[in-house]
K.L.:
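Take a look at this one; I'll ask things after.
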Amino acid sequence: MGIGLVVYYSRIQLGPGNYQSRLAVTLIEDENKESKSIIPYTPGKKRRGIAWWGKATTDGETIPLTDDREIETILEVFGIDPYEGTETGTTVIIPYINDRKLLNNNRNEYVDSSDQSVNPFWYDSLEEYLVIAIQRWYAARITNRMYDGVTLSPAVTNYVTKFHEEITSRNMAPAFKVIQDLYNTAYAKMTKQSFMPILQKHGQTVMTEMVSLRNEFVRNLDKTSSGVVAFATVSTTYLQMVPPENLYSPCLYYGLPDNDDDKHEPILAYCRKPGMIVEYTDTGKWVQGIQPMGADSYLIAVFVLNSNQRFKADYGLPEAENTLEDYIRQTENADHMHWEDISYHGHSLKIVQKTQKHVASKIAKTCKSNVSTPTGATERLLSKELGKFLLPPEGFGTAPTRKTQPKKPAGSGSLGSSPKKGTQCTVDEHIRYTPEGMSLHATMDSKKIISKLCRFELAVQTEAGELKPEAWESRTGLRFPFEISEISVDITRQINRVWKTLCSSSIVEDGFSSHDVNIDYLKTADDICYGFIIDATGLDNLRLVFSIDLEIPDKSLAPSISFRETSERSE
């Protein structure tokens with residue numbers, strides 16, 4: 001920003017009525033430009049590109065100045081008043097700034113659909129630029145009562161020109177109000193709080209998705225969540241881009257290119273515990289596969305990390321560095337502008353990569369099912385299709401007929417089982433309901449040699465029977481409404497009349513294979529897991545106990561659960 005000098009001045013309270021001032025000066029340089037370096041190079045020492053000045057010590061080092069009179073003489077050079085009385089605080093002084101050069105160096109060139117140059121007003125004033133920059137990176141914390149920590153009440157002041165602007169959640173630009181609202185929405189879902197998004201109150205469509213990573217974390221109340229993504233389709237009217245306000249697009253506020261008025265790419269921001277936005281992105285893995293929006297709206301998303309999540313004991317990480325927050329913090333570069341997986345205590349974790357994939361996939365699936373679907377359209381479409389499914393053709397018959405009850409197929413329904421002479425496939429009647437859906441247990445048990453496959457799958461329960469995923473999607477045009485988010489299995493076998501546990505494990509994304517037992521997922525075309533197939537043929541005296549978590553976003557629909565023997569992999 002300036003010539004490399006930064007002055008730090010602070011005043012703290014040591015005790016009742018006892019205060020201390022401190023001042024130190026640092027110089028930061030590009031260590032690669034040796035010919036222009038002011039900091040002298042000491043042979044044998046690493047170039048750090050940084051030097052400190054303060055009070056000299058006997059060992060040749062420096063410590064901050066603490067003499068009030070000496071500090072005041074330095075502050076006078078910059079026309080800055082010292083803290084007095086009971087005042088405490090910190091002042092960072094960056095002297096010798098060329099405002100115009102600084103603004104020009106940070107200016108982004110934008111061109112609208114008519115090839116006209118667009119120059120947002122904040123690139124013409126250092127004060128206005130700081131007002132936007134503070135909102136851009138700290139929108140989640142600015143006077144936000146829901147933020148779990150110290151909130152910010154920032155202001156930008158120029159004592160020479162008398163410029164002064166306080167920044168609050170009320171007067172932030174609409175683009176940044178959206179970011180704070182989505183942050184609160186995601187945080188509320190993560191902490192299981194009741195919260196109504198401001199966006200939703202104003203008719204904007206808001207959605208949330210829990211991002212789960214199998215086989216990475218300790219099984220606790222948060223299960224496998226690495227975080228929550230909240231996203232919304234926000235109209236240009238809500239963003240005040242239409243007359244009379246005529247504000248810029250959110251892309252410009254977020255520092256992203258905005259070159260096409262007819263097609264708006266999805267925008268995603270992400271952050272961890274400090275609440276500072278790490279990056280805004282409209283390309284790459286975070287948004288891969290998400291369809292652009294039309295000219296009248298933007299898809300804006302915020303991912304909030306589940307910072308307190310702890311890694312499973314198998315990794316053997318030090319206690320102090322066993323949280324997801326610690327790992328992600330170390331993946332960030334020094335400028336805190338990006339997350340990228342690293343080798344962590346000898347483990348090649350792919351948390352960021354998996355999270356990016358799941359975030360993009362969940363948003364893409366949800367938006368695909370909601371695109372161009374007005375309120376109530378889902379219900380109308382479903383009613384129409386169920387009408388075809390339930391009612392006879394128009395003009396059919398002249399008198400009512402007696403209704404006969406269809407036979408319930410073995411192993412189907414919510415609590416089915418196979419015939420006792422074969423493999424027993426049962427679902428425990430004690431089902432635990434969760435905010436995301438439900439958790440249940442299923443058991444496959446066989447004393448004789450297993451000759452068939454076993455199949456666990458979900459369908460949509462209707463009054464006329466069940467609609468399997470393929471039938472649901474073809475008849476309604478909507479994504480299948482249920483998803484298996486996590487599966488774990490305990491495998492035991494009777495050996496010499498003693499039941500022994502052979503394996504206890506989560507089933508990873510690509511399936512599972514252990515002790516001659518193979519388990520493969522059943523997925524829809526949209527990659528939604530709706531079941532699995534167990535191949536344990538040739539084995540006997542075998543018992544598999546499954547723990548299964550289901551996500552049910554729409555609580556108005558009920559799942560039908562089927563667990564039975566089958567001769568074929570596909571039906």
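When reading the values below, keep in mind they use all heavy atoms of this one structure, side chains included, and skip hydrogens, waters and symmetry mates.
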K.L.:
With sequence neighbours excluded, tell me which residues meet side chain to side chain donor-acceptor pair (under 3.5 Å) with Ser514.
P.N.:
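Side chain to side chain donor-acceptor pair (under 3.5 Å) check on Ser514 returns nothing, list empty.
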
K.L.:
Can you confirm whether Met241 sits close enough to Ser249 that some side-chain heavy atom of one is under 4.5 Å from a side-chain heavy atom of the other?
P.N.:
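With C-beta onward as the side chain, the pair touches.
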
K.L.:
Any salt bridge between Arg455 and Glu457, counting N to O under 4.0 Å?
P.N.:
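Yes, Arg455 and Glu457 are salt-bridged.
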
K.L.:
Residues in side-chain contact (heavy atoms from CB on, under 4.5 Å) with Gln356, at least two apart?
P.N.:
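For Gln356 the side-chain contact (heavy atoms from CB on, under 4.5 Å) partners, ignoring immediate neighbours, are Lys285, Trp286, Val352.
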
K.L.:
Hey, are His338 and Glu332 close enough side-chain-wise for a donor-acceptor pair under 3.5 Å?
P.N.:
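No pair is found: no donor N or O on one side chain lies under 3.5 Å from an acceptor on the other.
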
K.L.:
Between Tyr315 and Glu216, do the side chains contain a donor N or O and an acceptor N or O under 3.5 Å apart?
P.N.:
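There is such a pair between these side chains.
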
K.L.:
Could you grab the distance from atom CD of Gln180 to atom OG1 of Thr185, nearest 0.5 Å is fine?
P.N.:
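If I round to the nearest 0.5 Å, the distance is 10.5 Å.
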
K.L.:
Is it true that Phe456 and Phe532 have ring centroids separated by less than 6.0 Å?
P.N.:
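Centroid distance Phe456-Phe532: below 6.0 Å, so yes.
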
K.L.:
So which atom in Ala140 and which in Tyr147 form the shortest heavy-atom distance, rounded to 0.1 Å?
P.N.:
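Looking at all heavy atoms of both residues, the shortest contact is O-CB, 4.1 Å.
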
K.L.:
Once you round to the nearest 0.5 Å, how far does CG of Asn308 lie from OG1 of Thr323?
P.N.:
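That separation rounds to 7.0 Å.
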
K.L.:
With a 3.5 Å cut-off and no angle check, do the side chains of Thr331 and Arg329 form a donor-acceptor pair?
P.N.:
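No donor-acceptor contact under 3.5 Å links the two side chains.
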
K.L.:
Walk me through it: do Lys523 and Ile528 pass the test side chain to side chain contact (heavy atoms under 4.5 Å, CB included)?
P.N.:
CA-CA 5 Å; Lys523 294 187 177 183; Ile528 296 173; over 6 Å; no

K.L.:
Should the ring pair Tyr183 and Tyr187 be called parallel, tilted or perpendicular, given that the plane angle runs from 0 to 90° and is split at 30 and 60?
P.N.:
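It falls in the parallel class, under 30°.
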
K.L.:
If you take all heavy atoms of Arg479 and Trp472, which pair is closest and at what distance?
P.N.:
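Result for this residue pair: O-NE1, 3.1 Å.
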
K.L.:
Are Ile267 and Leu299 close enough that some pair of their side-chain heavy atoms sits under 4.5 Å apart?
P.N.:
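They are not in side-chain contact.
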
K.L.:
Got a donor-acceptor contact below 3.5 angstrom from the Arg272 side chain to the Val304 backbone?
P.N.:
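No; zero donor-acceptor contacts below 3.5 Å.
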
K.L.:
Checking Val287 now: which residues fulfil side-chain contact (heavy atoms from CB on, under 4.5 Å) with it, not counting sequence neighbours?
P.N.:
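Result, side-chain contact (heavy atoms from CB on, under 4.5 Å) vs Val287: Pro266, Leu268, Ile290.
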
K.L.:
Taking only residues two or more places apart in sequence, or in another chain, which ones meet Tyr238 in a ring-ring contact (aromatic ring centres under 6.0 Å, His included)?
P.N.:
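For Tyr238 the ring-ring contact (aromatic ring centres under 6.0 Å, His included) partners, ignoring immediate neighbours, are His202.
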
K.L.:
Glu340 and Gln353: side-chain donor and acceptor closer than 3.5 Å?
P.N.:
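Per modelled atom types, Glu340 and Gln353 side chains form no pair under 3.5 Å.
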
K.L.:
Between His264 and Gly294, is there a donor-acceptor pair closer than 3.5 Å when you use the side chain of the first and the backbone of the second?
P.N.:
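Yes, the answer is positive, given that a donor and an acceptor are paired below the 3.5 Å cut-off.
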
K.L.:
For Thr143 and Ser169: C-alpha separation, side-chain torsions, deciding distance, then whether side chain to side chain donor-acceptor pair (under 3.5 Å) applies.
P.N.:
CA-CA 6 Å; Thr143 62; Ser169 58; 3.2 Å; yes

K.L.:
In terms of side-chain heavy atoms, does Asp341 have a donor or acceptor partner in Tyr327 at a distance below 3.5 Å?
P.N.:
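Side chains of Asp341 and Tyr327: pair found under 3.5 Å.
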
K.L.:
For Tyr530 and Phe482, I'd like to know if the aromatic rings sit close, meaning centre-to-centre distance below 6.0 Å.
P.N.:
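No.
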
K.L.:
Tell me every residue that passes side chain to side chain donor-acceptor pair (under 3.5 Å) with His441, counting only those two or more places apart in sequence or in another chain.
P.N.:
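Applying side chain to side chain donor-acceptor pair (under 3.5 Å) to His441 gives Ser547.
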
K.L.:
Are Glu325 and Arg310 close enough that some pair of their side-chain heavy atoms sits under 4.5 Å apart?
P.N.:
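The answer is no, as the side chains (C-beta and beyond) never meet within the 4.5 Å cut-off.
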
K.L.:
Can you name the one residue among Tyr123, Trp122, Tyr254 that meets ring pair (Phe, Tyr, Trp, His ring centres under 6.0 Å) with Tyr248?
P.N.:
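That would be Trp122; it is the only one of Tyr123, Trp122, Tyr254 passing the ring pair (Phe, Tyr, Trp, His ring centres under 6.0 Å) with Tyr248.
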
K.L.:
Under a 3.5 Å cutoff, is there a donor and acceptor pairing between the side chains of Ser212 and Glu486?
P.N.:
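No, because no side-chain N or O of Ser212 sits under 3.5 Å from a partner of the opposite role on Glu486.
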
K.L.:
Can you give me the closest heavy-atom contact between Thr90 and Ser10, atom names plus distance?
P.N.:
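For Thr90 and Ser10, the tightest heavy-atom pair comes out as OG1-CB, 3.6 Å.
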
K.L.:
Evaluate whether atom NZ of Lys312 has more than 12 neighbouring non-hydrogen atoms of other residues, nucleotides or ligands under 6.0 angstrom away.
P.N.:
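More than 12 heavy atoms, drawn from other residues, nucleotides or ligands, come within 6.0 Å of this atom.
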
K.L.:
Please test Met210 against Val229 for side chain to side chain contact (heavy atoms under 4.5 Å, CB included), starting from the C-alpha separation and ending with a verdict.
P.N.:
CA-CA 7 Å; Met210 191 76 73; Val229 61; over 6 Å; no

K.L.:
Determine whether Leu213 and Ile351 make a side-chain contact, defined as any pair of heavy atoms from C-beta on separated by less than 4.5 Å.
P.N.:
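Yes. Closest side-chain heavy atoms under 4.5 Å.
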
K.L.:
Is atom CD1 of Ile198 surrounded by more than 12 heavy atoms (other residues, nucleotides or ligands) closer than 6.0 Å?
P.N.:
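No, because the 6.0 Å sphere around CD1 of Ile198 holds 12 heavy atoms or fewer from other groups.
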
K.L.:
Can you give me the closest heavy-atom contact between Ala364 and Gly289, atom names plus distance?
P.N.:
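Closest pair (atom of Ala364, atom of Gly289, distance): CB-O, 3.7 Å.
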
K.L.:
Can you tell me how far apart CD1 (Ile431) and CG (Leu550) are? Round to the nearest 0.5 Å.
P.N.:
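So the gap between those two atoms works out to 8.5 Å.
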
K.L.:
Does the side chain of Ser235 pick up a donor-acceptor pair with the side chain of Ser297 at under 3.5 Å?
P.N.:
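No.
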
K.L.:
Taking atom types as modelled, find out whether Gln193 and Thr191 have a side-chain donor-acceptor pair closer than 3.5 angstrom.
P.N.:
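Yes, because at least one side-chain N or O of Gln193 sits under 3.5 Å from a partner of the opposite role on Thr191.
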
K.L.:
Under 3.5 Å, is there a donor-acceptor pair between the side chain of Ser474 and the main chain of Ala471?
P.N.:
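Yes, because the side chain of Ser474 sits within donor-acceptor range (under 3.5 Å) of the backbone of Ala471.
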
K.L.:
How many angstroms lie between OG1 in Thr355 and CG in Leu305, if you round to the nearest 0.5 Å?
P.N.:
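So the OG1 of Thr355 and the CG of Leu305 are separated by 7.5 Å.
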
K.L.:
Is it true that Thr501 and Thr492 share a donor-acceptor pair across their side chains at a distance under 3.5 Å?
P.N.:
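No pair is found: no donor N or O on one side chain lies under 3.5 Å from an acceptor on the other.
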
K.L.:
Please examine the side chains of Cys503 and Asp490, heavy atoms only from C-beta on, and report whether any two atoms are closer than 4.5 Å.
P.N.:
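They are not in contact (no side-chain heavy atoms under 4.5 Å apart), so the answer is no.
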
K.L.:
Using the six-membered ring wherever Trp is involved, compare the ring planes of Phe546 and Phe563 and label them parallel, tilted or perpendicular (cut-offs 30° and 60°).
P.N.:
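Answer is perpendicular, since the angle exceeds 60°.
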
K.L.:
If we only count heavy atoms from C-beta on, is the Ile450 to Met444 side-chain gap below 4.5 Å?
P.N.:
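Of all side-chain heavy-atom pairs linking Met444 with Ile450, at least one is under 4.5 Å.
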
K.L.:
Check side chain to side chain donor-acceptor pair (under 3.5 Å) between Asn144 and all other residues, then give those that pass, not counting sequence neighbours.
P.N.:
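Asn184.
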
K.L.:
How many angstroms lie between CZ in Arg543 and CG in Leu502, if you round to the nearest 0.5 Å?
P.N.:
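Arg543 atom CZ to Leu502 atom CG measures 12.0 Å (nearest 0.5 Å).
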
K.L.:
Check whether any side-chain heavy atom of Cys251 sits under 4.5 Å from a side-chain heavy atom of Tyr298, and report yes or no.
P.N.:
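Yes, their side chains come closer than 4.5 Å.
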
K.L.:
Can a donor-acceptor pair be found, under 3.5 Å and without considering hydrogens, that links the side chain of Glu321 to the backbone of Leu317?
P.N.:
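Pair absent, no side-chain N/O of Glu321 close to backbone of Leu317.
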
K.L.:
If we count only N and O atoms by modelled type, under 3.5 Å, do the side chains of Ser226 and Asn306 hold a donor and an acceptor together?
P.N.:
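Distance-only check fails for Ser226 and Asn306.
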
K.L.:
Verify side chain to side chain contact (heavy atoms under 4.5 Å, CB included) between Val489 and Val545, making sure each step is shown before the conclusion.
P.N.:
CA-CA 6 Å; Val489 62; Val545 179; over 6 Å; no

K.L.:
How far does CD1 of Ile328 sit from NZ of Lys273, to the nearest 0.5 angstrom?
P.N.:
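Between Ile328 CD1 and Lys273 NZ, I get 14.0 Å after rounding to 0.5 Å.
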
K.L.:
With a 4.0 Å cut-off, would you call Glu551 and Lys362 a salt bridge?
P.N.:
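Yes, charged N to carboxylate O under 4.0 Å.
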
K.L.:
Yes or no on side chain to side chain donor-acceptor pair (under 3.5 Å) for Ser485 and Asp549, after CA distance, side-chain angles and deciding distance?
P.N.:
CA-CA 6 Å; Ser485 59; Asp549 290 348; 4.9 Å; no

K.L.:
Do Tyr270 and Phe303 make the cut of ring centroids closer than 6.0 angstrom?
P.N.:
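Here the rings of Phe303 and Tyr270 have centres that are no less than 6.0 Å from each other.
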
K.L.:
Apply the test side chain to side chain contact (heavy atoms under 4.5 Å, CB included) to residues Ser348 and Ser343: give CA-CA distance (whole Å), side-chain angles for both, the deciding distance (0.1 Å), then the verdict.
P.N.:
CA-CA 5 Å; Ser348 180; Ser343 178; 5.7 Å; no

K.L.:
Kindly indicate whether the side chain of Ile134, heavy atoms from C-beta on, has any atom under 4.5 Å from the side chain of Val156.
P.N.:
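Of all side-chain heavy-atom pairs linking Val156 with Ile134, at least one is under 4.5 Å.
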
